[in-house]
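Quick note: residue numbers are just sequence positions, from 1.
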Amino acid sequence: MPRYQKEAFTTADGSYTLNFAVDYPEDFSPDKSYPVLIYFHGMGGVGQGVDFMAERCPVQRDRIPTDLEGGLAPILVIPSCDDYMWFENFANVVAFIKSFIAREYVDAARVCIAGSSMGGYTCWMLSILHPELFSAAAICCGGGPYWAAPRITFPVRAYHGKLDQTVYPRESETMVDWLSRSGGQAELFLYDGVNHNVWDYAYTDPDTYRWLFAQRRSDK
C-alpha cells in the first residue's frame, strides 16, 4: 500500500469533485475503528494538487508519536482546494467530511481537524457551524466570527506567531477569548519570534497530536 492514496469525493449531482490524499496506518484493517485527522491547507496550496499537498503538508505520519491514547494510529486526510478558497464550496466540503467519517472504519468519536491560515479560518468556521462532527481542533494562524465561537462544543487549541503580519495574532486571541469566556475549552499558544509559519512549530510538536487524539466525544 503506498504511503498516500489518492481518492475523490463527488457530490450526488456530479457538480463538484474534491480530490484528497489519505494516509492509512501501516497495519490498517477495515475491521478496526480509527481516529481521523483532516488537515486544511492555506492559500499557498490552492490549485497545487493532491501530490503537492501530500508531500508539503505539515501534518505528516512521521511527526505523530506512536503512544497515542487508544493505541491505534490515526488516518490522515489531506484535501486539496482547487478554488480560490475553501469557502467557495463550503457546503460541499462539509458533505465530503460527513461522507468520509461515515466510513465503517472511522471512530466518529475521535474526528479531529487542523488547518493553517486560510485552512485555519476554515477550521474555525467548521467548528462553529458543525460542532457535532468533531472531537478537537488544532488551528494555526486563523480566525473567524468570534461572536459565534460559543457554539463550539469541543476543545480547541489555537497557535499563532507573535510577529505574524499576514494574519494578525489578535485573530486567534479573540476567538479563544470568546470561546473561553462562554465556558468553552480553548487554549492559545503564542510563539515569540515567529511570523506566519507557526505551523512549523505546532505540527512538529508531538504534544499537539497526543492532545488531539486524547479528546473524545461522549455523544458518539
Derivation and outcome, side-chain contact (heavy atoms from CB on, under 4.5 Å), residues F28 and I75 = CA-CA 9 Å; F28 174 77; I75 298 171; 4.2 Å; yes
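- The distance from the CD1 atom of I38 to the CG atom of L76 is 10.5 Å, given to the nearest 0.5 Å.
- A donor-acceptor pair is defined here as one N or O able to donate and one able to accept, closer than 3.5 Å; no such pair exists between the side chain of S99 and the backbone of A95.
- Counting heavy atoms from C-beta on, the side chains of R61 and P25 come closer than 4.5 Å.
- The minimum heavy-atom distance between Y159 and V198, with the atom names listed, is O-CG1, 3.7 Å.
- When the side chains of ILVMFWY residues are joined at heavy-atom separations under 4.5 Å, either directly or via intervening members, I101 and V77 end up in a single hydrophobic cluster.
- The number of heavy atoms from other shown groups lying within 6.0 Å of OH (Y84) does not exceed 12.
- For the pair V94/L126, a side-chain contact is recorded, criterion being any heavy-atom separation below 4.5 Å from C-beta on.
- Under a hydrophobic clustering in which Ile, Leu, Val, Met, Phe, Trp and Tyr are joined whenever their side-chain heavy atoms come within less than 4.5 Å, directly or via other members, L190 and L163 fall into different clusters.
- We find that K32 and D107 are not joined by a salt bridge, their nearest charged nitrogen and carboxylate oxygen being 4.0 Å or further apart.
- Minimum interatomic distance between S29 and Y34 (heavy atoms only, all atoms of both residues): N-OH, 2.8 Å.
- L188 CG to S180 OG: the interatomic distance, rounded to the nearest 0.5 Å, is 8.5 Å.
- Side-chain contact between H130 and L133 is present, with at least one heavy-atom pair separated by less than 4.5 Å.
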Take V167 and S117 through the test side-chain contact (heavy atoms from CB on, under 4.5 Å) and record every step on the way to the result.
-> CA-CA 7 Å; V167 177; S117 197; 4.1 Å; yes
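- Considering every non-hydrogen atom in both R217 and P131, the closest pair reads NH1-O, 2.8 Å.
- For the pair T17 and F96, the minimum side-chain heavy-atom distance is 4.5 Å or more.
- Hydrophobic clustering (side-chain heavy atoms under 4.5 Å, transitive across Ile, Leu, Val, Met, Phe, Trp, Tyr) keeps L179 apart from F189.
- At a threshold of 4.5 Å between side-chain heavy atoms, the hydrophobic network of Ile, Leu, Val, Met, Phe, Trp and Tyr places M125 and Y121 in one connected group.
- Nearest heavy atom pair, residue W124 against residue V156, reads CH2-CG1, 3.6 Å.
- Residues D83 and V46 fail the side-chain proximity criterion, which asks for heavy atoms closer than 4.5 Å.
- For the residue pair R103 and Y105, a side-chain donor N or O sits within less than 3.5 Å of a side-chain acceptor on the partner.
- Within the 4.5 Å cutoff, the side chain of E55 has no heavy atoms near those of the D51 side chain.
- Dense packing is recorded around CZ of F87, with more than 12 heavy atoms of other residues, nucleotides or ligands lying under 6.0 Å away.
- If you check the side chains of Q60 and Y203, you find no donor sitting under 3.5 Å from an acceptor.
- Annotation: side chain of V59 is in contact with side chain of Y209 (closest heavy-atom distance under 4.5 Å).
- Annotation: the span from M118 atom CE to F40 atom CZ amounts to 10.0 Å, rounded to 0.5 Å.
- Under the 4.5 Å side-chain contact rule for hydrophobic residues, I97 and I152 share a cluster.
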Quick one: do M175 and I128 satisfy side-chain contact (heavy atoms from CB on, under 4.5 Å)? Show the steps, please.
-> CA-CA 11 Å; M175 294 299 292; I128 289 169; 4.0 Å; yes
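- Side-chain atoms of R110 do not come within 3.5 Å of backbone N or O of S135 as any donor-acceptor pair.
- Applying the side-chain contact (heavy atoms from CB on, under 4.5 Å) criterion to D67, with sequence neighbours excluded, gives P65, R210.
- The only option from W86, F20, W199, F52 that meets the ring pair (Phe, Tyr, Trp, His ring centres under 6.0 Å) definition with H41 turns out to be W86.
- Put simply, CD1 on I78 and SG on C57 are 3.5 Å apart, with the number rounded to the nearest 0.5 Å.
- In this structure, F9 CZ and L18 CG are separated by 8.0 Å, a value rounded to the nearest 0.5 Å.
- At a threshold of 4.5 Å between non-hydrogen side-chain atoms, the residues R63 and P58 count as touching.
- Across D164 and Y168, no two heavy atoms sit closer than the pair O-CD2, 3.7 Å.
- Taking CD1 from I113 and CZ from F134, the interatomic distance works out to 4.5 Å, rounded to the nearest 0.5 Å.
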Run the side-chain contact (heavy atoms from CB on, under 4.5 Å) check on V36 and F100 step by step: do they pass?
-> CA-CA 10 Å; V36 169; F100 191 90; 4.2 Å; yes
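- Of all the heavy atoms in P74 and I64, the pair that sits closest is CG-CD1, 4.1 Å.
- Residue pairs meeting the salt bridge (Lys or Arg N to Asp or Glu O under 4.0 Å) criterion with at least one member in residues 180-208, sequence neighbours excluded, are R157-E187, R157-D207, K162-D192, D177-R181.
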Stepwise, does the ring-ring contact (aromatic ring centres under 6.0 Å, His included) test hold for Y191 with Y201?
-> CA-CA 9 Å; Y191 291 77; Y201 301 84; 5.7 Å; yes
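- When atom types are taken as modelled, the side chain of S116 and the backbone of C140 share no donor-acceptor pair closer than 3.5 angstrom.
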